[in-house]
> 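Provided herewith is a single structure, encoded as structure tokens, for subsequent inquiry.
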Amino acid sequence: SMTWVDFHTHTDASEDSDAPLRSMCDAAVAKGLCAVAVTDHLEMVDYEDYVGTLVKSWRDSGEAVPAYAGRLRIARGPRPSWTPTISTLF
């Protein structure tokens, strides 16, 4: 049988999406997906926006993991303690 996943999703933590993570997870479960990856944008244009997006994305996905346990696996992006450096970017 086929395994369906979506490894490129943007939640309302990203500036290009209005979709709350829980709504996206509900839709994924309803469509029969077994896994999703949260790939919110973390552009370094503005440091405050970067930190806010990172913290919201990590918090929301952390809350969703146990809420969807056994129904949907959720891969999460970088931890808020992760700080980009030249060596990690290139």
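Quantities reported herein were computed from a predicted structural model and do not represent experimental measurements.
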> Check the pair Arg73 / Tyr68 against side-chain contact (heavy atoms from CB on, under 4.5 Å), numbers first and verdict last.
CA-CA 7 Å; Arg73 293 189 64 176; Tyr68 289 88; over 6 Å; no

> May I ask you to say whether Asp26 pairs ionically with Arg22, meaning some side-chain N is under 4.0 Å from a carboxylate O?
no

> Please tabulate, one pair per line, all N/O donor-acceptor pairs under 3.5 Å involving side-chain atoms of residues 30-37, not counting sequence neighbours.
none

> Return the CG to NE2 distance between Leu54 and His41, rounded to the nearest 0.5 Å.
14.5 Å

> What's the spacing between Trp58 CH2 and Lys56 NZ if we round to 0.5 Å?
15.0 Å

> Taking atom CG of Asp18 as the centre, report whether more than 12 heavy atoms of other residues, nucleotides or ligands fall under 6.0 Å from it.
no

> When you measure from the side chain of Ser61 to the backbone N and O of Ser57, does any donor-acceptor pair fall under 3.5 Å?
yes

> Are Val5 and Leu72 linked, directly or through intermediate hydrophobic residues, by side-chain heavy-atom contacts shorter than 4.5 Å (ILVMFWY only)?
no

> Okay, side chain of Thr39, backbone of Thr9: is any donor-acceptor separation there less than 3.5 Å?
yes

> So, does Thr11 use its side chain to make a donor-acceptor pair with the main chain of Ala13 at under 3.5 Å?
yes

> Would Val38 end up clustered with Val65 when hydrophobic side chains under 4.5 Å apart are linked, directly or stepwise?
yes

> With a 3.5 Å cut-off and no angle check, do the side chains of His10 and Asp40 form a donor-acceptor pair?
no

> Scan Ser23, Cys25, Ser17 and name whichever one has a side-chain contact (heavy atoms from CB on, under 4.5 Å) with Leu21.
Cys25

